[in-house]
Amino acid sequence: MSDVFYITTPIYYVNARPHLGHAYTTIAADVSARFARMQGKDTYFLTGTDEHGDKIVKAAAKENQSPRTYADAISSLFRNLWPELSITNDQFIRTTDPAHIRVVQHLLQKIYDSGDIYFSEYEGLYCYGCERFYTEKELVDGKCPDHLTEPEKIREANYFFRMGRYQQWLIDHIHNNPDFIRPERYKNEILSFLREPLEDLCISRPTSRLQWGIPLPFDDRFVTYVWFDALTNYVSALGYPDGEAFQRLWPGVQHIVAKDIIKPHGIYWPTMLKAAGIPVYHHLNVHGYWNISETKMSKSLGNVVDPLDMKNRYGSDAFRYFLMREMVFGLDASFSEEAVIGRINADLANDIGNLFSRVIAMTHKYYNGTVPSPDGAKTALMDFGLQAGALETVTSFVHHMSDFAFHKALMAVWSFIGQLNKYIDATAPWELQKNAQEKELATVIYNLLEGLRVVTGLVAPVMPETSRRMQQHLALENSDIDAIDTLCQWGLVHPGAVLPKAVRLFPRIDVPSKENHKDE
Ligand code: ME8
């Protein structure tokens with residue numbers, strides 16, 4: 001297992017404000033980065049914005065702004081949103097950063113010098129929305145499948161990357177590394193693209209048509225195709241080729257994207273890396289779409305969910321929990337506020353929230369809030385499989401988190417929360433008190449506090465603020481309290497520590513009536 005974890009999100013286009021889909025991917029990356037830190041890995045987390053190309057020029061023109069001014073404004077919206085959602089990225093890259101531009105030019109020159117970039121005339125069907133040529137076969141009823149518009153036939157001289165040369169290498173690489181692209185359905189999708197001959201990739205745009213881009217280092221009559229520019233951010237951010245960060249972190253790289261951009265990430269990017277002599281990434285982790293009532297969220301349909309609204313309404317932790325728990329990583333999911341409220345009430349207010357208040361309240365009732373000492377002699381007798389349950393939960397959590405199966409990791413934690421609730425029923429602390437079984441009672445309360453400690457660590461990547469609050473209530477202050485190694489131990493809550501009175505972690509939310517919904 002690599003002890004380096006370098007995780008990237010797509011860099012988002014600055015042609016529109018951030019929405020729920022961007023928030024999901026970035027939160028998923030954040031959860032995976034926080035988890036890697038818990039494992040003690042050398043972790044680096046990159047996100048940013050993709051700012052060149054025709055799309056941005058058009059969006060800026062609509063607002064009567066220069067591409068630069070427009071890109072600055074929208075890029076700031078993304079940059080400022082992330083701390084609101086407890087995102088812990090180490091860097092925010094922009095493709096207009098001079099350091100990035102230098103690396104794109106370096107990479108182009110390198111591939112050009114090695115003979116994998118050539119100049120040629122090309123006539124093809126071009127979709128301005130996608131900023132790429134389509135083959136007849138790829139069109140649906142003669143239209144671009146994404147934009148549902150007819151592409152235009154254009155003839156141009158351009159530079160091409162000999163992508164076709166790497167087709168067999170890529171097929172072999174995918175077969176030899178079965179989880180290179182995961183989950184499996186997306187690996188199969190890429191393999192099915194690769195059943196057709198892979199055409200070379202047009203990597204330039206003439207400046208007569210587009211100026212908002214990075215000039216080719218070997219021909220300034222052209223700017224770089226946005227995807228070649230954008231994909232390079234993953235290495236330029238680390239100071240490729242000589243940067244210390246590149247040498248250290250690149251061996252542990254993984255990407256997260258949604259299914260809309262698997263072709264550039266699953267085909268263009270690995271072949272570009274191969275051509276440049278850079279080792280390819282470990283995993284491309286692909287998730288599905290968030291839909292709103294079965295329809296893809298999109299600006300033109302006017303059904304875009306604003307992540308900041310969601311945070312303001314439900315809190316960052318609850319919103320993060322909902323997204324991670326509701327979507328089966330790899331499949332599409334449906335977003336509705338009813339579903340958010342349902343999960344908050346059932347999983348957060350009820351399951352974890354009640355358990356927490358109940359255990360802290362019992363500690364106050366029986367011990368004035370002071371953590372009792374467990375009685376060694378009674379430990380086995382009063383255990384009821386709790387310690388083994390905790391350890392199994394941590395093991396299964398680590399397994400699922402490493403696979404990016406966030407929903408399964410959370411299900412494992414919630415099953416342990418269920419076990420703790422059952423433990424209360426099975427041991428009946430109120431009976432122990434009535435019967436003056438002091439040692440048994442002390443052991444049971446201590447075990448419950450220990451169980452809660454493990455829960456606080458396991459929810460930390462998804463709900464960092466809640467986890468911190470719970471840890472304060474358990475008087476856990478040491479800095480490695482979330483380390484996976486620590487969660488595998490038993491007996492770390494301090495007997496004698498005085499616990500603050502419980503607070504309600506998540507108040508129940510009343511389901512708004514249909515009337516209240518009307519004007520939303
Ligand atoms: O494609 N559900 O940028 P982009 C889930 N600049 N995730 C969604 C989503 C939805 N409905 N909609 C968007 C680009 N996303 C390029 C990337 S990378 C070198 C260049 C998320 O602003 C998801 O992560 O269109 C998707 O892949 C990404 O936003 C597309 O962002």
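Every value quoted in this text rests on a predicted model; they were computed, and no experiment measured them. Throughout, residue positions are numbered sequentially from 1 according to the sequence presented. Numbering of ligands and ligand atoms starts at 1, following listing order.
With ring centers used as reference points, Tyr234 lies under 6.0 Å from His265. Checked against the 6.0 Å centroid criterion, the rings of Tyr134 and Tyr126 do not qualify as a close aromatic pair. Side-chain rings of Tyr44 and Phe5 stay apart, their centers remaining 6.0 Å or farther from each other. Between Phe406 and Phe404, a ring centre-to-centre spacing shorter than 6.0 Å is recorded. Taking the six-membered ring where the residue is Trp, the centroids of Tyr118 and Tyr159 are separated by 6.0 Å or more. The six-membered or imidazole ring of Phe319 lies away from that of Tyr314, with a centre-to-centre distance of 6.0 Å or more. The six-membered or imidazole ring of Tyr321 lies near that of Trp414, with a centre-to-centre distance under 6.0 Å. For an aromatic pair to be called close, the ring centres must be under 6.0 Å apart, and Phe180 with Tyr281 satisfies this.
Atoms of ligand 1 found under 4.0 Å from any heavy atom of Gly288 (numbered from 1 in listed order, with element): 5 (C). Within ligand 1, counting atoms from 1 as listed, the ones closer than 4.0 Å to a heavy atom of His287 are 5 (C), 7 (N), 24 (O). The atoms of ligand 1 that sit less than 4.0 Å from any heavy atom of Asp50 are 6 (N), 16 (C), 20 (C).
Residue contacts with ligand 1 include Tyr234, since one or more of its heavy atoms lies under 4.0 Å from the ligand. Judged by the shortest distance from any of its heavy atoms, Lys259 lies outside the 4.0 Å radius around the atoms of ligand 1.
For atom 13 (C) of ligand 1, the nearest protein heavy atom (residue, atom name, distance) is His19 CE1, 3.6 Å. Scanning the protein heavy atoms around atom 31 (O) of ligand 1, the nearest turns out to be Tyr12 CD2, 3.6 Å. Of all protein heavy atoms, the one closest to atom 17 (C) of ligand 1 is Ile11 O, 3.2 Å. The closest protein non-hydrogen atom to atom 22 (O) of ligand 1 is Tyr13 N, 3.0 Å. The protein heavy-atom contact nearest to atom 11 (N) of ligand 1 is Trp290 O, 3.2 Å. The protein non-hydrogen atom at the shortest distance from atom 29 (O) of ligand 1 is His22 CD2, 3.4 Å. Closest to atom 24 (O) of ligand 1, if we only count protein heavy atoms, is Thr25 OG1, 2.7 Å. The protein non-hydrogen atom at the shortest distance from atom 8 (C) of ligand 1 is Gly21 CA, 3.4 Å.
Remark: Glu465 does not engage Arg320 in a salt bridge, criterion side-chain N to carboxylate O under 4.0 Å. One finds a salt bridge joining Glu337 and Arg313 here, because a Lys/Arg side-chain nitrogen approaches an Asp/Glu carboxylate oxygen to under 4.0 Å.
Of all the heavy atoms of Asp260, the ones lying under 4.0 Å from any atom of ligand 1 belong exclusively to the side chain. If you look at Tyr24 next to ligand 1, there are no close heavy atoms at all, none under 4.0 Å.
For ligand 1, the polar-atom distance check against Ala230 finds no nitrogen or oxygen pair separated by under 3.5 Å. Of the polar atoms of Ile261, none of the N or O atoms is found under 3.5 Å from an N or O of ligand 1, judged by distance alone.
Atom NE2 of His283 sits about 12.5 Å away from atom NZ of Lys187, to the nearest 0.5 Å.
Relative to atom 23 (C) of ligand 1, the option among Ala28, Ala258, Ala23 with the closest non-hydrogen atom is Ala258.
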